[in-house]
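Below is one structure, written out as structure tokens, with a few remarks after it.
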Amino acid sequence: MEQILNYIGGKLQKPLVDSWLDNYEPATGKVYSHIPDSDVLDVEQAVAAANAAFPAWSTTPLEDRMMMLMKIADGIEKRMDEFVAAESKDNGKPLKLARAVDIPRAVSNFRFYASALQHFASESHQMPGMAVNYTLRQPIGVVGCISPWNLPIYLFTWKIAPALATGNCVVSKPSEITPYTAYLLSQVCIEAGLPAGVLNIVHGLGSKVGQTIVEHPEIKAISFTGGTETGKRIAATAAPMFKKLSLELGGKNPTIVFADCDFDDTVRHVVTSSFSNQGEICLCGSRIFIERSIYDKFKTAFVERVKSLRVGDPNDDHSNLGAIVSAQHKQKIQSYIQLAKEEGGTILTGGEEVQVGGRCADGYFLEPTVIEGLDYLCRTNQEEIFGPVVTLTPFDSEAEVLTMANSVKYGLASSVWTNDLKRAHRIAEKIEAGIVWINCWLLRDLRTPFGGVKASGVGREGGWEAMRFFTEAKNVCIKY
Ligand code: TXE
């Protein structure tokens, strides 16, 4: 059985205590590799390596840092097929989705920040006839990057790239559920010649390795993406230590469809925003609000299109949905489908397991599920399910739909489908979310800030926000 290795001090190595975890392939329900069940010893070694590497890396000329990040991007691109296969095998997502989204975005993350570091300007302020102030934006030192299982290498590199670009050294942990592409990244970094200790990847459990990273006194900032409850625990640990925190957490995103939308285009896009990656993207719209005058028409067209989605072997190019990431997560989603029925919902389509058969006979597959008839305040409409389950709810006015959309504790993303320009601006201004898409979804310029409000997290990733997060601003004032 293949053993995934830690990447510490520039070397691939087993956990210092010979303990391993099973790594399952969601499509088959079988263990296909083992990952290090690392502990404090491994994290200590990684922190020591990062500290040792920091003086040289933080003073490496920008041109050389840029070249190194570009080489890593090239290395991922060169091994695209391996990364695509690993991302799909680990997560259960269709191969074609990993090829179209996850891996190209991992390459872009490194290329974007390789160039950004060349243009990351600072500012100076003159006090005429008296003094000049200039702001130094300096790397923090050793930082921690922890990522979830839904977009494994996409989100992992989105943290690591800006951290390295700004001259920090990193101790990171991918999700123990989807470790393989991070392992491949380790190999690419070695091939690219990344200096030892600049990036360290320690595999293992969140409660052990993740918690150790968060509470380690020499790790000065934590960039985390994952569940809201985990985010709370991390904040409780890190805040008293005055660590910088970027928390990208859960969501329960509204999709708001007005009668004047481009109907067919909207139906097609809303199916994608509901079920892409098996609905396991924190940006997916899981509560669909439809203006009453087109509710029945939209419901009919939407359900018909959802029924045509094919749940199957992720390796099959015809599959629109692959496997749910784990048996536990599948059970969680099924418990919410049961709850929806108990809360008075009507299942319009889906709700059942899918027997894919063949090599996937023991895999974790669920039908895309559409539910109507629920109160907007019920648990099904308030709590994050994070799977292929959406609810439909009619509305009669902007005021009503904003009340329903903003009724949840989350505030991550939203999409609004209308051709009324003024209405689009009104809704965008009033909706409680970090991201508002108008007549589109998952479209974003990498220079823009990314993140949520309320229980969806604090801080922003993306663009200059990430460069600022991973640097400390020091003001120097010189009197003359
Ligand atoms: O999260 P978990 P999951 C959210 C998504 C869903 C959840 C799914 O909405 O709620 O994340 O991801 C590590 N100290 N987002 O289940 O369990 C754990 O090992 C330190 C939102 O993976 O929180 C894993 O590596 N680390 C997001 C990582 O945290 C700990 C996009 C996430 O695990 C830890 C993606 C601890 N005590 C998912 N416990 C967004 N807003 O962009 C666990 N971990």
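Atoms within a ligand are numbered from 1 in the order they appear, just like the ligands themselves. Note that the coordinates shown come from a computational prediction; the quantities given were computed from them, not determined experimentally.
- Counting the atoms of ligand 1 from 1 in the order shown, those under 4.0 Å from a heavy atom of Pro174 are 25 (O).
- Remark: among candidates Thr212, Thr230, Ile222, Ile146, the nearest residue to atom 23 (O) of ligand 1 is Thr230, based on non-hydrogen atoms.
- Those atoms of ligand 1 that come under 4.0 Å of a heavy atom in Leu412, given as number and element, are 41 (N).
- Side chains of Asp22 and His34: a donor-acceptor N/O pair is present below 3.5 angstrom, by distance only.
- Contacts with ligand 1 closer than 4.0 Å are made by no heavy atom of Leu283, backbone or side chain.
- If you number the atoms of ligand 1 from 1 as listed, the ones under 4.0 Å from a heavy atom of Thr225 come out as 27 (C), 31 (C), 32 (C), 35 (C), 40 (C), 42 (O).
- The ring-ring contact (aromatic ring centres under 6.0 Å, His included) analysis of residues 155-185, with sequence neighbours excluded, yields the pairs Trp158-Phe450, Tyr180-Tyr183.
- With a 4.0 Å cut-off on non-hydrogen atoms, Arg233 touches ligand 1 through its side chain and not its backbone.
- Between Asn150 and ligand 1, no N or O atom pair is found at a separation short of 3.5 Å.
- Between atom 4 (C) of ligand 1 and the options Gly251, Gly226, Cys284, Gly457, the minimum heavy-atom separation is to Gly226.
- The closest approach between any non-hydrogen atom of Gly231 and ligand 1 is not below 4.0 Å.
- Using a 4.0 Å cut-off between charged side-chain N and carboxylate O, Glu248 and Lys159 make no salt bridge.
- Counting heavy atoms only, Phe224 comes closest to atom 29 (O) of ligand 1 of the residues Phe224, Phe450, Trp158, Phe386.
- Of the heavy atoms in His329, none comes closer than 4.0 Å to ligand 1.
- For ligand 1 and Trp149, the ligand atoms under 4.0 Å from any heavy atom of the residue are 3 (P), 8 (C), 12 (O), 16 (O), 22 (O).
- Every N/O-N/O distance between Ser456 and ligand 1 stays at or above 3.5 Å.
- Heavy-atom contacts from other residues, nucleotides or ligands closer than 6.0 Å to NZ of Lys11 number 12 or fewer.
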